[in-house]
Amino acid sequence: MKYLQEELKDKLIELLKTDFKLEREEILFTIPPKREFGDLSTTIPFALAKKEKQKPFVIGNRIIELIKDRFDMFSEIKLAGGGFLNFTFKENFLVNYLAANIHRKAPDTGLKMVVEHTSINPNKSAHIGHLRNACLGDTLANALRFLGCELEIQNYLDDTGIQVADVVWGLLYHEGKSLEEIKKIDQLAAYLWYLYPEVSKLFAEDEKAKTGRDEVHKKIEEKINPEYQVSNYIAEEVLKDHIRVMNILGIRYDLLVRESDVIELDFFKDSRTLMETKGVMYPSQDPEKKGCMVIKYEKENIEKIIVRSNGTITYIGKDIAYTLWKVGLFDRDFYYRKFYTYPEDAKEIYISDYTPHTPPGEPYHFGGGESVFNVIDVRQSYLQNIIAQVLAPLSPADHRKKFIHFSYEMVALTPRCVEEMGFELSEEDKKKSYVEVSGRKGIAVKADDLIDKLVEKSLYEVKLRHPEIAEDAAKAIARDIAVGALRYFMIKFNSNSVIAFDFKDALAFEGDTGPYLQYTLVRINSILRKLKEAGESDALEPGELDSTVLDKKEYDIFYDMLLDLSLVELQVELALSQQELSGIANYTYSLCQEFNHFYHLFPIKAEKDIRLKNLRLLLTLVVKAKLERLFSIMGIPIPEKM
């Protein structure tokens with residue numbers, strides 16, 4: 001429907017240009033709440049009424065006079081409610097339009113989007129909260145790609161931060177290990193998972209230990225060995241583990257950006273020049289901020305320090321510099337080197353560097369996005385709002401760059417899930433609707449452990465339903481179900497609400513779950529396979545489709561489904577514009593419910609009338625195509641069977 005609506009907009013502008021100055025953004029279409037009002041509705045008369053200083057119904061009638069009989073697809077164009085233009089498709093237009101456009105893809109927009117997500121401190125294994133960030137970020141990127149955008153996925157690493165210094169101190173001075181001994185540690189990320197809370201407790205209790213940690217942090221920043229070498233080794237090894245875990249969920253990256261390289265290559269130098277030239281950053285006149293360079297944060301009408309009086313840059317300055325590079329507002333760039341190769345298809349991930357690594361003849365063009373999306377939890381909203389404000393006046397007036405903070409809330413666990421993961425709960429916690437994940441309380445779940453537990457529970461269900469399946473095949477199906485369950489659970493809730501993860505809820509084969517969605521598509525594939533096995537065609541018969549052969553009950557359900565299926569691209573667009581990816585999940589769930597209801601009432605194989613059979617087959621094929629695209633956006637695999 002999106003592309004049909006775009007064609008309609010073009011034609012309406014052309015037909016009305018001699019009488020009305022109509023802007024493209026003024027033409028908005030909706031699906032009327034009742035069939036009697038038609039198939040499409042627009043409020044163009046209301047939009048033009050203010051400009052023309054006439055009543056909407058007068059303008060509406062004039063528009064109808066200008067456009068009637070100019071659209072082959074419509075049987076009727078009517079004015080309703082004093083200014084709503086309602087369009088009704090001809091009898092078989094929509095069914096044949098969808099049949100002809102089952103596999104139509106979005107045209108390339110020519111727009112490059114940069115999505116930054118995951119961005120975990122490289123000091124230990126990923127935990128369950130990181131999974132929500134990565135699932136949302138990957139879904140966001142897939143949705144933009146689905147709409148025809150070029151995507152670049154970045155993962156930002158605070159490789160010189162205090163959290164890395166914590167574990168460097170722990171290994172070198174608490175445990176007394178050398179770099180060579182550290183390199184012999186198997187599964188380093190998991191090892192550090194337990195070391196990190198141990199040393200954190202020491203820092204809280206022992207001032208001497210905390211001072212030692214601070215000295216380690218300073219040495220890392222000044223590139224003094226062995227601290228610097230150990231920090232580099234830890235950051236890269238832990239990062240490889242994060243990449244491995246996310247790859248299990250189908251989540252991948254193009255570029256890894258190290259904060260140390262942003263600092264070493266002095267990205268802030270170009271950012272400073274740009275901000276001072278545009279008057280965004282200026283010397284503060286506040287006596288308390290004497291010698292500081294500041295920006296005015298309009299939302300609170302206060303000055304935020306970007307450069308301290310001693311010349312050092314605040315964390316806000318570093319993040320601004322990185323953002324301005326991401327949208328290509330200055331020429332300074334990183335060096336790059338290949339960091340990781342995905343084993344499945346040899347796709348490479350690159351990492352930034354401050355020394356030349358790029359082989360001759362291999363220039364890499366990262367950054368320079370039209371828009372930048374930062375998937376960062378809601379606690380970082382303050383900083384993200386400042387960055388958005390700074391960027392707005394810095395990009396050219398005729399080519400504004402956009403910065404979007406895609407925020408989300410934390411992930412907790414239900415008490416039942418906590419106990420299933422092997423943790424003890426107090427009587428008070430057992431009564432709560434959810435328990436916050438807390439390393440300090442000893443309730444922290446590694447992403448790896450969560451995924452393993454999901455696979456284990458999925459495998460049990462698969463073997464229960466299909467005891468005849470070979471072990472390897474059963475495990476592959478279980479992995480697909482586990483991934484689908486987890487990824488759907490992480491995006492189906494409003495992003496700014498706390499979610500309480502629960503194995504039973506996530507893995508249910510009925511209701512609003514990933515496995516239910518997977519079951520629907522597996523069922524469709526089974527229907528088509530059985531048709532083929534019976535010697536019948538699983539493809540449409542050639543020729544025009546005539547939906548008038550359906551009885552009223554089937555026609556009403558059939559046509560409502562066609563309208564809903566036509567909205568895939570518009571629903572994805574809406575989810576992005578509202579920054580609420582749960583809309584994609586909810587829409588997909590609704591389609592699955594509709595299909596399962598329809599097929600229960602109107603099966604294909606048992607139908608003798610070839611005309612009815614062909615229409616039902618069409619609907620099944622359209623549902624299959626749309627669900628496959630929606631699954632691809634959400635990163636949900638399609639199992640062989642359920």
Side-chain angles (χ1 to χ4, degrees), residues 106 108-120 133-158 239 242-243 246 251-259 261-262 265 267-268 270-271 274 316 318-336 339-340 347-353 363-377 380-381 383-392 394-396 399-408 495 572-573 575-577 579 581 633 635:
D108 290 340
T109 63
L111 300 176
K112 179 179 180 179
M113 305 295 182
V114 175
V115 175
E116 177 201 332
H117 68 75
T118 309
S119 302
I120 309 169
N133 181 303
C135 289
L136 285 169
D138 191 59
T139 301
L140 167 63
N142 292 338
L144 289 165
R145 191 179 289 113
F146 170 73
L147 293 175
C149 298
E150 177 190 350
L151 263 293
E152 180 175 300
I153 314 302
Q154 296 186 10
N155 184 348
Y156 187 71
L157 314 168
D158 185 3
L239 179 56
H242 294 168
I243 291 168
M246 296 307 170
I251 297 168
R252 292 182 164 197
Y253 312 93
D254 299 308
L255 178 66
L256 314 170
V257 176
R258 305 188 304 179
E259 182 172 286
D261 297 324
V262 174
L265 291 168
F267 274 33
F268 186 73
D270 287 4
S271 302
L274 187 58
I316 300 176
K318 295 172 191 175
D319 282 358
I320 288 172
Y322 174 42
T323 300
L324 298 188
W325 169 80
K326 283 198 280 189
V327 296
L329 289 188
F330 53 76
D331 294 331
R332 195 177 297 249
D333 201 357
F334 299 105
Y335 295 103
Y336 302 99
F339 178 76
Y340 184 88
K347 171 182 161 56
E348 302 277 3
I349 305 180
Y350 291 85
I351 192 167
S352 65
D353 210 322
Y364 305 115
H365 302 288
F366 293 108
E370 292 294 320
S371 295
V372 167
F373 295 80
N374 279 9
V375 182
I376 303 177
D377 75 54
Q380 299 294 320
S381 294
L383 171 60
Q384 301 301 306
N385 289 338
I386 293 173
I387 294 172
Q389 181 199 294
V390 169
L391 175 62
L394 295 181
S395 54
H399 193 179
R400 290 294 188 203
K401 304 282 187 170
K402 292 183 180 178
F403 175 89
I404 299 99
H405 174 210
F406 225 90
S407 65
Y408 64 94
S495 57
V572 173
E573 268 191 350
L576 291 176
S577 67
Q579 296 185 38
L581 298 178
I633 290 171

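- A distance of 7.5 Å separates CD of Glu116 from OG1 of Thr323, quoted to the nearest 0.5 Å.
- One distance of note links CD of Glu150 with CE of Met113; it measures 10.0 Å at 0.5 Å rounding.
- Formation of a donor-acceptor pair under 3.5 Å by the Gln579 side chain with backbone atoms of Ser407 is not found in this model.
- Between Phe334 and Leu265, some side-chain heavy-atom pair lies under the 4.5 Å cut-off.
- Counting only heavy atoms from C-beta outward, the side chains of Leu255 and Tyr336 approach each other to under 4.5 Å.
- Residues Leu140 and Leu144 meet the side-chain proximity criterion, which asks for heavy atoms closer than 4.5 Å.
- Scanning both residues, Lys326 and Gln154, for their nearest heavy atoms gives CD-OE1, 3.4 Å.
- Residues Gly368 and Lys112 come closest through the heavy atom pair O-CD, 4.1 Å.
- Among all heavy-atom pairs drawn from Thr118 and Asn133, the shortest one is N-OD1, 2.6 Å.
- Annotation: side chain of Leu576 is in contact with side chain of Leu147 (closest heavy-atom distance under 4.5 Å).
- Lys401 places a side-chain N or O within donor-acceptor distance of the main-chain N or O of Val327, the cut-off being under 3.5 Å.
- Atom-to-atom distance recorded for Glu370:CD and Leu111:CG is 5.5 Å, nearest 0.5 angstrom.
- Contact detail for Gly137 and Val375: the closest heavy-atom pair is CA-CG2, 3.8 Å.
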Query raised in the report: Taking it one step at a time, do Trp325 and Arg332 satisfy side-chain contact (heavy atoms from CB on, under 4.5 Å)?
Result: CA-CA 8 Å; Trp325 169 80; Arg332 195 177 297 249; over 6 Å; no
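- Put simply, CG on Leu256 and CG on Asp353 are 11.5 Å apart, with the number rounded to the nearest 0.5 Å.
- Nearest approach of His242 to Ile120, heavy atoms of both residues: CE1-CG2, 3.6 Å.
- Between Val390 and Ile316, every side-chain heavy-atom pair lies at or beyond the 4.5 Å cut-off.
- Looking at heavy atoms from C-beta onward, Val115 lies out of side-chain contact with Phe406 at the 4.5 angstrom threshold.
- Partner Val257 forms a side chain to side chain contact (heavy atoms under 4.5 Å, CB included) with one of Leu157, Val262, Asn155 and no other, that one being Val262.
- The nearest pair of heavy atoms linking Ile404 to Ser371 is CD1-CB, 4.2 Å.
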Report task. Any chance you could lay out the side-chain contact (heavy atoms from CB on, under 4.5 Å) test for Val114 and Ile153, step after step, and finish with the verdict? Result -> CA-CA 6 Å; Val114 175; Ile153 314 302; over 6 Å; no
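- Aromatic rings of Phe330 and Phe267 (six-membered ring for Trp) have centroids within the 6.0 Å cut-off, being under it.
- Between Ser271 atom OG and Ile320 atom CD1 the span is 8.0 Å, to the nearest 0.5 Å.
- Aromatic pair Phe373/His117: centroids not less than 6.0 angstrom apart.
- For the pair His405/Ser381, a side-chain contact is recorded, criterion being any heavy-atom separation below 4.5 Å from C-beta on.
- Within the cation-pi definition used here (under 6.0 Å to the ring centroid, within 45° of the axis), Lys318 does not qualify as a partner of Tyr322.
- Salt-bridge check for Arg252 with Asp138: failed, with every basic side-chain N at 4.0 Å or more from each acidic carboxylate O.
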Report task. Could you go through the side-chain contact (heavy atoms from CB on, under 4.5 Å) check for Asp331 and Asp270 one step at a time? Result -> CA-CA 8 Å; Asp331 294 331; Asp270 287 4; 5.6 Å; no
Report task. Please step through side-chain contact (heavy atoms from CB on, under 4.5 Å) for the pair Asp254 and Lys347, ending with a clear verdict. Result -> CA-CA 9 Å; Asp254 299 308; Lys347 171 182 161 56; 2.8 Å; yes
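- The CD1 atom of Ile243 lies 5.0 Å from the CZ atom of Phe339; values are rounded to the nearest 0.5 Å.
- Residues Leu329 and Leu391 have side chains in contact (heavy-atom distance under 4.5 Å, counting atoms from C-beta outward).
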